[in-house]
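When reading the values below, keep in mind they use all heavy atoms of this one structure, side chains included, and skip hydrogens, waters and symmetry mates.
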Amino acid sequence: MMATQEQIDAARRHIEQLRDHHANDVVALVRLVEAGAIKGQAGDRLAADLRAWDRGFKDLFTRALSLLDSLQPSDPAKGAPTR
């Protein structure tokens with residue numbers, strides 16, 4: 001079964017919402033750590049890990065959106081039962 005344009009658009013909106021929510025959460029965590037919530041080497045390592053995690057998830061969201069761009073929507077009229 002192929003996705004309709006409406007399904008593709010809904011998936012895009014959902015992925016974009018997840019991306020935005022993730023970005024806000026990670027930025028808040030990095031700021032918290034860098035503000036001194038965790039001091040010393042442990043805080044530095046955690047901040048670096050959070051930045052790497054952020055880059056990885058941004059790449060994941062970019063790939064997911066690119067995949068959606070490559071989809072060809074099905075024609076909702078095709079294959080629809082006639083009444």
Peer 1: Classify the angle between the aromatic ring planes of Phe57 and Phe61 as parallel (below 30°), tilted (30 to 60°) or perpendicular (above 60°).
Peer 2: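 Geometry flag for Phe61 against Phe57: tilted rings.
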
Peer 1: Are Leu18 and Leu65 connected in the hydrophobic side-chain network, where two residues link if heavy atoms are under 4.5 Å apart?
Peer 2: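 Hydrophobic grouping puts Leu18 with Leu65.
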
Peer 1: Which value, rounded to the nearest 0.5 Å, describes the distance between Ile8 atom CD1 and Gln72 atom CD?
Peer 2: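 Rounded to the nearest 0.5 Å, the CD1-CD separation comes out at 8.0 Å.
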
Peer 1: Could you list all the side chain to side chain donor-acceptor pair (under 3.5 Å) pairs where at least one residue sits in residues 36-45, not counting sequence neighbours?
Peer 2: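 Checked against side chain to side chain donor-acceptor pair (under 3.5 Å) - neighbours excluded - no pair reaches residues 36-45.
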
Peer 1: Under a 4.5 Å cut-off applied to non-hydrogen side-chain atoms, are Thr4 and Pro73 in contact?
Peer 2: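 Heavy-atom side-chain distance check fails, nothing below 4.5 Å.
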
Peer 1: Is there a chain of hydrophobic side chains (I, L, V, M, F, W, Y, each step under 4.5 Å between heavy atoms) that links Val27 to Trp53?
Peer 2: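 In one cluster: no.
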
Peer 1: So, taking the atom named CD1 in Ile15 and the one named CG in Leu67, what distance separates them when rounded to the nearest 0.5 Å?
Peer 2: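 Nearest 0.5 Å value for the CD1-CG distance: 8.0 Å.
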
Peer 1: So which pairs with a foot in residues 17-31 pass side chain to side chain donor-acceptor pair (under 3.5 Å), sequence neighbours left out?
Peer 2: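 Pairs touching residues 17-31 that pass the test: His21-Asp25, His22-Asp54.
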
Peer 1: Quick one: ring pair (Phe, Tyr, Trp, His ring centres under 6.0 Å) partners of His14, sequence neighbours excluded?
Peer 2: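 Expected list: none.
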
Peer 1: Establish whether Leu60 and Leu29 are linked, either directly or via other cluster members, by ILVMFWY side-chain heavy-atom contacts under 4.5 Å.
Peer 2: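 Yes; Leu29 is reachable from Leu60 via cluster members.
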
Peer 1: Taking Asp9 as the fixed residue, which of Arg13, Gln7, Gln5 is the one that meets the side-chain hydrogen bond (donor to acceptor under 3.5 Å, both in side chains) rule?
Peer 2: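 Considering Arg13, Gln7, Gln5, a side-chain hydrogen bond (donor to acceptor under 3.5 Å, both in side chains) with Asp9 is found only for Gln5.
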
Peer 1: Same cluster or not: Leu50 versus Leu32, using hydrophobic residues (I, L, V, M, F, W, Y) connected whenever any side-chain heavy atoms lie under 4.5 Å apart?
Peer 2: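 Shared cluster, no.
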
